[in-house]
There are 2 protein chains.
Amino acid sequence: MPRITPERREAKRAEIVAAARRCFARGGFHQTSMPDIAAAAGVSAGAPYRYFASKEEIILAIAADAFRLIFEPMEQVAAAADAPSLGDLVAASLRALGAGTVTDAAGQVVPVEELLQCVVQTWSELLRNDGLHARAAEGFERVRRSIADALRRGQAAGAVPTVDPESGARVLIALLHGFLLQRVAFGLTDTAGFNDAVRGLLDGAEHPDGTGR
Amino acid sequence: MPRITPERREAKRAEIVAAARRCFARGGFHQTSMPDIAAAAGVSAGAPYRYFASKEEIILAIAADAFRLIFEPMEQVAAAADAPSLGDLVAASLRALGAGTVTDAAGQVVPVEELLQCVVQTWSELLRNDGLHARAAEGFERVRRSIADALRRGQAAGAVPTVDPESGARVLIALLHGFLLQRVAFGLTDTAGFNDAVRGLLDGAEHPDGTGR
DNA sequence: TGTCAAGGTGAACGATCATTTACGTTGAGG
DNA sequence: CCTCAACGTAAATGATCGTTCACCTTGACA
């Protein structure tokens, strides 16, 4: 006999997650206190514990969301049936990060800047949270295999140079991660310029006409 | 009238820095306590404060060292008088990270793994430590300009595709940062394979013989 | 409309942290 | 070899943290 409907409970939980994400983006996971999160969500200090067993559970929820949202665009292009070029894969990733907002698992609208800051915080957390590391590594491998498959298709179609697809996928993800870091921490605002440079360096020889940007 | 000679004082300071770096690499900046650092250095809790005014000062020293060591190899190749290819720039960066150890500003031998973990931790710290961010951004810009100049020379020599050198430099740094992250957090051990893939994707057309690896 | 399980509150708790401090110890200069 | 400023120690301090708990409050269901 719940006091509130499941829908309202889910909405409240999403509010707390959103408040926590705002706090984490600004102050980091460990400089943000639970009272900070509660205050940002407009509730008292004990309220979040009706929805999450611990602070770590909130961190896990946000980290999973952040990683998924970062990889989603590249993975969708990689999962398409045709043979994407390298430029297509990179462009898809960057276009999503160039937008102002994204929508998280609970339907909350999240500023991209906030999401990216949480991703960088999560990287640090990976190094000492084994549970988070295991989940993140699993997700990473799934994306990597998906991209490697796309590269193999691209190579068969002659649109991708003949490199080891497994390592090639890692290179593309490295570009995405590196872009993300510069956008958050090193004043990279010219997404289009970065994208053009990647295309020019990667497959400019194959696609001088700029197809797929 | 110092109780110990300046040389011994510097050596002790370097020991504390090294101990702190070991702790930070394992546990992160904010999960590592000052007593942890002191214990790892083999001194009592108050001793580090004879050498550093605060914990943040230790973090700054380690972060500056870590960033410098990461960028050094790429910057050295970029600063050379001739026109390096893209593959040269990337290969120089990765070769240093493939080695087992590096030597820090105080002459301490540091395992590469430990250094890279500190770099990732530092990225998080950048987002909320303004002083660290300013210093890191300054260093980043210096490296970026150096690489951009090298790209211009490479373009003049016909060894580098005609892309905007400023953005191109960002792409190369993104590759380095992305590689670093995967090595620390996502099980990337095949440095040579990654390097080959980058060369194959970047300037395979220009240097099919593998020159400069 | 009445009931009661669950939501929500805010003070309190025990632990831990960065930093300070009072006091012994040491070694380089005179 | 003596002296004393600086090193090193270890307990203490004050603040803050994640989490709990005793107690209202609320609203969905009967």
Side-chain angles (χ1 to χ4, degrees), chain A residues 1-24 26-63 106 121 124-125 128-129 131-132, chain B residues 1-24 26-63 106 121 124-125 128-129 131-132:
Chain A
M1 190 186 292
R3 212 200 90 195
I4 59 177
T5 67
E7 294 77 27
R8 291 192 70 85
R9 187 177 163 83
E10 282 300 311
K12 193 73 173 184
R13 186 187 146 108
E15 272 180 41
I16 294 174
V17 166
R21 187 166 41 215
R22 285 194 299 273
C23 292
F24 288 158
R26 174 178 302 271
F29 292 141
H30 300 287
Q31 271 49 46
T32 299
S33 71
M34 287 295 277
D36 286 342
I37 295 172
V43 296
S44 68
Y49 287 94
R50 298 279 179 191
Y51 297 88
F52 300 92
S54 66
K55 186 180 177 180
E56 180 171 336
E57 214 172 75
I58 302 179
I59 293 176
L60 287 176
I62 288 174
Q121 310 279 358
S124 286
E125 198 68 12
R128 81 205 115 72
N129 185 328
L132 178 59
Chain B
M1 190 187 291
R3 214 199 93 193
I4 59 178
T5 68
E7 294 77 28
R8 292 191 69 85
R9 187 178 163 82
E10 283 299 312
K12 192 76 174 185
R13 186 188 147 108
E15 272 180 42
I16 293 174
V17 166
R21 187 166 40 216
R22 285 193 298 275
C23 293
F24 289 157
R26 174 178 303 272
F29 290 141
H30 300 287
Q31 270 48 48
T32 299
S33 71
M34 288 293 277
D36 286 343
I37 295 172
V43 296
S44 68
Y49 287 94
R50 297 282 178 189
Y51 297 86
F52 300 92
S54 66
K55 186 180 178 180
E56 179 172 337
E57 214 173 75
I58 302 180
I59 293 176
L60 286 176
I62 289 175
Q121 311 278 0
S124 285
E125 198 67 12
R128 84 203 113 71
N129 185 326
L132 178 59

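Within every chain, numbering begins at 1; the chains are lettered A, B, ... in the order of the sequence lines, protein sequences first and strands thereafter. What you are looking at is a predicted structure, and each value in this text was computed from that prediction instead of being measured.
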Quiz item: Has the side chain of A/Lys55 got a donor or acceptor atom that lies under 3.5 Å from a matching backbone atom of A/Ser33?
Solution: no

Quiz item: Passes side-chain contact (heavy atoms from CB on, under 4.5 Å), A/Phe52 versus A/Arg13? Steps please.
Solution: CA-CA 9 Å; A/Phe52 300 92; A/Arg13 186 187 146 108; 3.4 Å; yes

Quiz item: Roughly how many Å is it from CD1 in A/Ile58 to C1' in D/dT19, rounded to a whole number?
Solution: 12 Å

Quiz prompt | Between C/dC17 (P) and B/Ile37 (CD1): distance, integer Å | solution = 11 Å

Quiz item: Quick one: which of C/dA18, D/dG18, D/dT9 gets closest to the side chain of B/Met34?
Solution: C/dA18

Exercise. Rounded to the nearest angstrom, tell me the gap between atom CD in A/Glu7 and atom C1' in D/dA28.
Key: 12 Å

Self-check item: B/Lys12 NZ to D/dC7 C1', straight-line distance once rounded to whole Å
Solution: 9 Å

Practice problem: With the side chain of B/Ser33 defined as its heavy atoms from C-beta on, choose the nearest nucleotide among C/dG10, C/dC17, D/dG8. | Solution: C/dC17

Practice problem: Measure from the side chain of B/Lys55, starting at C-beta and using heavy atoms only, and say which of C/dC17, D/dT9, C/dG7 lies closest. | Solution: C/dC17

Quiz item: C/dT9, D/dC7, C/dG7: which one has an atom nearest the side-chain heavy atoms of B/Ile4?
Solution: D/dC7

Quiz prompt | Atom-pair distance (CZ on A/Phe52; P on C/dG7), nearest Å | solution = 13 Å

Quiz item: Is the phosphate of D/dG8, meaning OP1 or OP2, less than 4.0 Å from a side-chain N or O of B/Tyr51?
Solution: yes

Quiz item: How close or far is atom C1' of C/dT26 from atom CZ of B/Arg9, stated in whole angstroms?
Solution: 15 Å

Quiz item: If you pin A/Arg8 and A/Ala53 to their nearest nucleotides in DNA chain D, which one's is more 5'?
Solution: A/Ala53

Exercise. To the nearest Å, give me how far apart CD (B/Gln31) and P (C/dT16) are.
Key: 13 Å

Quiz item: Where each residue is assigned the nucleotide of DNA chain D containing its nearest heavy atom, which of A/Tyr49 and B/Arg50 is assigned the position nearer the 5′ end?
Solution: B/Arg50

Exercise. Could you go through the side chain to side chain donor-acceptor pair (under 3.5 Å) check for B/His30 and B/Glu125 one step at a time?
Key: CA-CA 10 Å; B/His30 300 287; B/Glu125 198 67 12; 2.9 Å; yes

Self-check item: Verdict with supporting geometry, B/Lys12 and B/Val43, side-chain contact (heavy atoms from CB on, under 4.5 Å)
Solution: CA-CA 10 Å; B/Lys12 192 76 174 185; B/Val43 296; 3.8 Å; yes

Practice problem: Please test B/Arg26 against B/Gln31 for side-chain contact (heavy atoms from CB on, under 4.5 Å), starting from the C-alpha separation and ending with a verdict. | Solution: CA-CA 9 Å; B/Arg26 174 178 303 272; B/Gln31 270 48 48; over 6 Å; no

Quiz item: Starting at the 5' end of DNA chain C and moving along, which residue's nearest nucleotide shows up first, A/Ala47 or B/Gly46?
Solution: A/Ala47

Quiz prompt | B/Glu10 CD - D/dC7 C1' separation (whole Å) | solution = 15 Å

